[in-house]
Amino acid sequence: MEPIRQYSAETIAQLEDRWQQYWDHHQTYVAPKTSDKPKYYVLDMFPYPSGAGLHVGHPLGYIASDILARFKRLQGYNVLHPMGFDAFGLPAEQYAIQTGTHPAITTERNIQTFLGQMRRLGLGHDPTTQLRTSDPGFYRWTQWVFLRLFGAWYNQAADRAEPIETLVGHFERQGSAGVDAHADPHDPFTAQEWLAWDEPSRQRLLLHYRLAYLSYDFVNWCPALGTVLANEEVKDGVSERGGHPVERIRMRQWALRITAYAEKLLRGLDTIDWPDSIKEQQRNWIGRSVGARIRFNVQGQPEAVVEVFTTRPDTVFGATFLVLAPEHPLVESLVTAEAALTAQPYIAWASNRTERERSAEKEVSGVFTGSYAVHPFTGAPLPIWVADYVLVGYGTGAIMAVPGHDERDWAFATRFGLPICEVVVGGDLAQGAYSTKEGTLINSDFLDRLAVPEAIARAIGELEARGLGEGRTTYRLRDAVFSRQRYWGEPFPIVYREGLPYGVPDDELPVTLPEVESYQPTGQAESPLAAVTDWVERPDGSVRETNTMPGWAGSSWYFFRYFDTGNDSALAGPERLKYWAPVDFYIGGAEHAVGHLLYARFWTHFLYDLGHVPVAEFARRLVNQGMIQGVSQMVYKERNANVFVSADSLAAGTAYIEIHCDVHLVQGEVLNLEGFRAWRPEYAQAQFVVSADGKFRTRPQVEKMSKSKYNVVNPDTLCDQYGADTFRMYEMFLGPLEASKPWDTQGITGVHGFLRRFWRLFYDEAGQWRVQDAEPTPAMLKQLHQTLKKVADDCERLSFNTAVAQFMITVNELTKLGCQHRAVLEPLVVCLSPFAPHLAEELWRALGHTTSIVHAQYPTVEERYLVEAEFEYPISVNGKVRAKLLLPLDLPAQAVEAQVLALEEVQRWMGGSAPKKVVVVPGRIVNVVV
RNA sequence: GCGGACGUGGCGUAAUUGGUAGCCGCGCCAGACUUAGGAUCUGGUCCUGAAAGGGGUGGGGGUUCGAGUCCCUUCGUCCGCACCA
């Protein structure tokens, strides 16, 4: 291979291409899947291969993980750094509906674009691990996991999931007595009854327990997308994808009993190194609240019992009325004939309002049902109201209103003239409700004079003793709706016989996605698969489930598949799982906080319970890379004329239209007028009012990077111009990895200049090799080892921006020192290689090495070169470090002592007196004793 | 409203985690070269001052010999959650 001697635009392209080919050809990044070396697993959140390709914001995380992977490899780890694709998803399907192109074709096309762009960046992913969630060989195991969920129940006594067989065994021996499960309620039964039941009855009952089960409940139905959505996919009452309105309707759907894992998901957060904000979001989402359920009988309706949840059972004597959500199942029977006239319209109106309308509403609204509940302790009649500030989905969908100590209840009581009763001392009711936990109880019979915490315990004890309720922990987390009425997703491995679901045998997996004539949903809540009758109807008379799994199914476990992508007897081989799990470093966007990241934890906990994977938490450390925002460039056009005015010359009285112009036409807020004229035909003849200096200025504006704002900067063009190494280093140099920051193309020249100057250390301007074997000077060695140390530290703490800065300092310094010494430059190239792998490979080869620098060893930091000519002596007074004294390194202990004694400041702390004793210890701490 | 993160030059940022604030880069200024350029190289660039010096990390207060860093308070920005009983 002929060495490249110049580092210029033409040769950079040649150089980078050459090494990319070399890496492909030599399979440089394939990790041995088992090894004696310690492992390090670096994982990116795999992308959905959208049609738009990558913009400069996307590669930030990929570059960071690539640098870390390369760095860890240099440190001697066996590094797995894979890349796959989250290939099922709505955009490909919607494109298919419009064009008839099979989603698999568009998806594969997009994947190839992504792969090309990633290769161009020099990302060293293990090429043997390129999985796709839409590949039958992969989704076979997604279906397999689903079957395990379907075939499992949550044993609360053992605090883990177990195969459903253990439950059936219990039923056969003891009936439902003694089962402590996370399950839907049902009537108790005996072993005899169970044994007497027919198969459908047993199956129907088991659905109450299965961790994947059919539910008939309120779901988020999105008419525009033609599918249901999980709570995590709905934001502010509209779909996260597309922003379409979402309705709450009752439908039969598959759901996963994630609520069984609420407590484990909460506790597991304490064992993992994830960002606080993500942990906090997950805690909020799980929404644990401790309190009690209380049952209220209804006057004149012995069969009706209103159960409420409260976190403040101590305030039960302050309850003056009950409120039910409009959708509460008891509402219908509680509305009396007299009240119906006013109540019915309100209930109908409130139930039909969207979540969004309801939460936007500030006005208190509600209606009296005409019925009264009986206070469990006083027997007082409490009017039962219906109001939409009570949500059907939380707690029991009913509350006891304590207007004295809950703001919403107070507002409601005030609005409708209901009584307000003070039961906790600690505030002023004239100012409104107060919900202090500091006060003591009054007007509360047996709770009087107790402090709130004791009162809560006492109230729960009393409720339980009298059978009126019990202590209870409630979670905001809902079971996850798991079916979608779409084509482009994993088919369920489920068939129905007599309307009851059965899992297909494992040896029938994968249940492959059939071809369809139309990708259009076939009607209200039905997947396009329903139309494929010869697929749906099976010879034995059973029919297939026609929904498909949601987008997050495959992403909930894919990180285990990279260990063993070809395995067709298990999701991954046990010894590989044992070696590689968990992920050591996971990087991706913060937007997945309560979606993917929660589901993936849930699936991992589940698989761990069943012994299929060796870890309960899949990712030890998580980092969210910041978003790179676009910087739009705005130009101002007079409203009524084809006249553009420079942004610093706008006239006060004139009306202007703000127009996004292509950011590539702007250099440092100055518009390239010729380019702008040529950009749009209608601007060719426009007039331009320029600033005093003759320049036409734009106004920058930070916003999301988007095609419509003409602020998208494509990494490919920057790689063409400066090379991938420059691009990689510049993305890192931009700022801290986790911070969001606006893209600024201008600064890239600084990094590019650094790489050129670095090259100059090896080749002079004429392309002559200048590296010598001479002995480097101490100053050079100091510079080298400082850099080796700083860069290693910075890589450990992911401070890549400061590492890049350190490289720049070094190259400036070594240039000044005239360094051309192999002993300095060779280690430096290794140190730089994670950041600029192409350039490093080239120089490594020029230094005479015949193997890839990827497998080199990170140079040893020799501390002796780092010690300063002067040393900071920490001075401790009676053991507490009080000061540091800068003294020459070789100063004898006595001299240090003398210096300390002479230090006026030390005497000042001593209160004017000289220290009794000064001890200089070998660790160079100076102890001063008074 | 609740929770989290943060506030440093014209800009992106750095500061050995309590020890000389402003590293590195952009931009800007000056100079060199020059086939005048959006190239390259050199030097300068927090404020004030002729200098010595003084001031300075959103504002105010505190702890400390010493605070960008810790504590209290206030203002502001960003993010998340939000009728959660």
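Residue numbers begin at 1 in each chain, while the letters A, B, ... track the order of the sequences. Since the model is a prediction, treat every value here as computed from it, not as a measurement.
Heavy-atom contacts from other residues, nucleotides or ligands closer than 6.0 Å to CD of A:Glu407 number 12 or fewer.
Under 4.0 Å is where a charged nitrogen must lie from a carboxylate oxygen, and between A:Glu280 and A:Arg283 at least one such pair does.
Across all strands shown, B:U8 forms no Watson-Crick or G-U wobble pair with both distances under 3.5 Å. Nucleotide B:G80 has B:C2 as its partner under the Watson-Crick or G-U criteria, with both atom distances under 3.5 Å. If you check B:A85 for Watson-Crick or wobble pairing at under 3.5 angstrom, you find it has no partner at all. Both distances falling under 3.5 Å, in either a Watson-Crick or a G-U wobble arrangement, place B:U42 opposite B:A30.
When the nucleotides B:G80, B:C26, B:C83 are ranked by their closest atom to the side chain of A:Gln281, B:G80 comes out on top. Minimum atom distance to the side chain of A:Glu280 is reached by B:G3, of the listed B:G3, B:A85, B:C24. Distances from the side chain of A:Gln746 to the nucleotides B:C24, B:G27, B:A15 place B:G27 closest. The nucleotide whose nearest atom lies closest to any side-chain atom of A:Ser277 is, among B:G4, B:C41, B:C24, B:G4. Set against B:A85, B:G25, B:A15, the side chain of A:Asn812 has B:G25 as its closest nucleotide. Side-chain proximity of A:Arg408 to B:C83, B:C24, B:A14: nearest is B:C83. Among the nucleotides B:A14, B:C83, B:C81, the one closest to the side chain of A:Arg476 is B:C81.
When the C1' atom is used for both B:G58 and B:G19, the distance is 24 Å, rounded to whole Å. Comparing B:G7 with B:A21, their C1' atoms are spaced 16 Å from each other, to the whole Å. Separating the P atom of B:U74 from that of B:C2 is a span of 12 Å, rounded to the nearest Å. For the C1' atom pair drawn from B:G53 and B:C72, the interatomic distance equals 34 Å after rounding to whole Å. Only the P atoms considered, B:A51 is 13 Å distant from B:U45, to the nearest whole Å. B:G66 and B:G55 have their P atoms separated by 15 Å, given to the nearest Å. B:A5 and B:G60: their P atoms are spaced 25 Å apart (whole Å). Across the P atoms, B:C47 and B:G9 are found 12 Å apart, a figure rounded to whole Å.
Heavy atoms of A:Pro742 sit nowhere under 4.0 angstrom from any nucleic acid atom. Using a 4.0 Å heavy-atom cutoff across all strands shown, A:Val390 reaches at least one base atom of the nucleic acid. Among the protein residues, A:Asp409 comes within range of no part of the nucleic acid, since none of its heavy atoms lies under 4.0 Å from any strand.
Checking the phosphate oxygens (OP1, OP2) of B:U40, a side-chain nitrogen or oxygen of A:Arg756 falls inside 4.0 Å. For the pair A:Asn801 and B:A14, the criterion of a side-chain N or O lying under 4.0 Å from OP1 or OP2 is met. In this structure, A:Thr749 does not reach the B:G25 phosphate: none of its side-chain N or O atoms is under 4.0 Å from OP1 or OP2.
Taking atom CZ on A:Arg697 and atom C1' on B:G27, their separation rounds to 12 Å, with Å as the unit.
One N or O on the side chain of A:Asn624 and one on the backbone of A:Gly588 form a donor-acceptor pair closer than 3.5 Å. No donor-acceptor distance shorter than 3.5 angstrom exists from the side chain of A:His596 to the backbone of A:Glu591, with no hydrogens or angles considered.
Map A:Ile399 and A:Asn284 each onto its nearest nucleotide of RNA chain B; the residue landing nearer the 5' end is A:Asn284. Along RNA chain B, the nucleotide nearest to A:Arg312 and the one nearest to A:Gln806 differ in position, and the one closer to the 5' end is contacted by A:Gln806.
When ring centroids are compared, A:Phe412 and A:Phe321 come within the 6.0 Å threshold. The distance between the ring centers of A:Tyr730 and A:His752 does not fall below 6.0 angstrom.
There is no side-chain donor-acceptor pair under 3.5 Å between A:Ser289 and A:Thr311.
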